[in-house]
Amino acid sequence: LPVVIRLAGEAAYGTYVLALTIVSLLFGLLSTGVPYRYQRNLISANTYAERRALFEPQFTFQVIVVTFLAALSLVLTPRLELALSGPAYFTPLLLVALLACRLINRQTIDYFQFSQRFFASSLSVAIGPYLFVTALLLLGWRGKQLSLNDLLLTQSATTLIICLPLLIRLVSEIGMPRLHLPWATF
């Protein structure tokens, strides 16, 4: 990470860490909205239809919350730009992209962990930081100082790349999830 701080500068990297901490905190709070029923029952689901029935309500809930957070971040953009003026300027849509990529990543990793397939999810989690730092080093190799936008875009892209094989497998198992929120499951 000292190399990344050197490539991005202290202000951009510090703001990036702050943004990631906030996003991680929000996703930690999201897990409180995930019904325990999904986590507990996914392991014993015998068919893909049963898995889909368990997956869709919590997926829908998290999509709604992330959409709300993305809209809120776009509304608060002028205040964020004022607070982060100077070298830490960022494009708000990149924060929205990071939220969406983290949602996809979280859903795929949780699905495989809760269905007791730890190798794929553990490999995905372990590879993430190495792929991110490698991508940043390749970007920094061109000699330009990395911006906060570069950090957010690289984080989003590497997160999506890492979870893409898991996402393909998830969709092949349960199909494309519908947005379905039966209130009885909460």
Report task. Rounded to the nearest 0.5 Å, what's the gap from CG on Leu94 to CG on Asn149? Could you check? Result -> 5.0 Å
Query raised in the report: Do any pairs count as a side chain to side chain donor-acceptor pair (under 3.5 Å) and have a residue in residues 156-168, sequence neighbours left out, and if so which ones?
Result: Gln155-Thr159
Considering only distance and modelled atom types, tabulate donor-acceptor pairs under 3.5 Å from the side chains of residues 20-29, sequence neighbours left out.
| from | atom 1 | to | atom 2 | distance (Å) |
| --- | --- | --- | --- | --- |
| Thr21 | OG1 | Val17 | O | 2.7 |
| Ser24 | OG | Leu20 | O | 2.9 |

Please list every donor-acceptor pair under 3.5 Å in which a side-chain atom of residues 122-132 meets a protein atom from a residue at least two apart or in another chain.
| from | atom 1 | to | atom 2 | distance (Å) |
| --- | --- | --- | --- | --- |
| Ser122 | OG | Phe118 | O | 2.8 |

Query - Ser121 versus Gln113, closest heavy-atom pair with distance - result: OG-CG, 3.2 Å
Report task. Report the distance from atom CG of Leu151 to atom CG of Leu139, rounding to the nearest 0.5 Å. Result -> 9.0 Å
Query raised in the report: Ile168: what forms a side-chain contact (heavy atoms from CB on, under 4.5 Å) with it, not counting sequence neighbours?
Result: Leu164
Report summary line: In short, salt bridge (charged side-chain N to carboxylate O under 4.0 Å, His left out) pairs touching residues 54-66 with sequence neighbours left out are Arg52-Glu56, Glu56-Arg178
Query raised in the report: Quick one: do Ile64 and Phe68 end up in the same hydrophobic cluster if we chain Ile, Leu, Val, Met, Phe, Trp and Tyr together by side-chain heavy atoms under 4.5 Å apart?
Result: yes
Query - Glu173: salt bridge (Lys or Arg N to Asp or Glu O under 4.0 Å) partners, not counting sequence neighbours - result: Arg51, Arg117, Arg169
Requested in this report: Check whether any side-chain heavy atom of Thr67 sits under 4.5 Å from a side-chain heavy atom of Leu99, and report yes or no.
Outcome: no
Query raised in the report: Would Leu7 end up clustered with Leu138 when hydrophobic side chains under 4.5 Å apart are linked, directly or stepwise?
Result: no
Query raised in the report: Do you reckon Ile161 sits in the same ILVMFWY cluster as Tyr111, going by side-chain contacts under 4.5 Å, direct or chained?
Result: no
Report task. List in chain and number order the residues that pass side-chain contact (heavy atoms from CB on, under 4.5 Å) with Ala100, two or more places apart in sequence or in another chain; answer none if no residue qualifies. Result -> none
Query - Atom CD of Glu10 with >12 non-hydrogen neighbours under 6.0 angstrom - result: no
**Report entry** Stepwise side-chain contact (heavy atoms from CB on, under 4.5 Å) test for Leu93 and Leu74
**Finding:** CA-CA 7 Å; Leu93 287 178; Leu74 290 175; 3.9 Å; yes
Report summary line: Those residues at least two apart in sequence (or on a different chain) that pass side-chain contact (heavy atoms from CB on, under 4.5 Å) with Leu160 are Cys101, Ile104, Cys163
Report task. Determine, step by step, whether Ile174 and Leu170 satisfy the side-chain contact (heavy atoms from CB on, under 4.5 Å) criterion, reporting the C-alpha distance in whole Å, the side-chain angles of both residues, the deciding distance to 0.1 Å, and the verdict. Result -> CA-CA 6 Å; Ile174 66 170; Leu170 184 147; 3.8 Å; yes
Query raised in the report: Do Leu54 and Phe112 belong together in a cluster built from hydrophobic side chains that touch within less than 4.5 Å?
Result: yes
Report task. Please list, chain by chain and in numerical order, all residues satisfying side-chain hydrogen bond (donor to acceptor under 3.5 Å, both in side chains) with Thr154, sequence neighbours excluded. Result -> none
Query raised in the report: How are the rings of Tyr16 and Tyr13 set relative to one another: parallel (under 30°), tilted (30 to 60°) or perpendicular (over 60°)?
Result: tilted
Query raised in the report: Any chain of hydrophobic side-chain contacts (each under 4.5 Å) joining Val63 to Leu166?
Result: yes
Query - Spacing of CD belonging to Gln62 relative to CZ belonging to Arg102, to within rounding of 0.5 Å - result: 11.5 Å
**Report entry** Reported CZ-to-CG distance for the pair Phe55 and Asp110, which is rounded to 0.5 angstrom
**Finding:** 9.0 Å
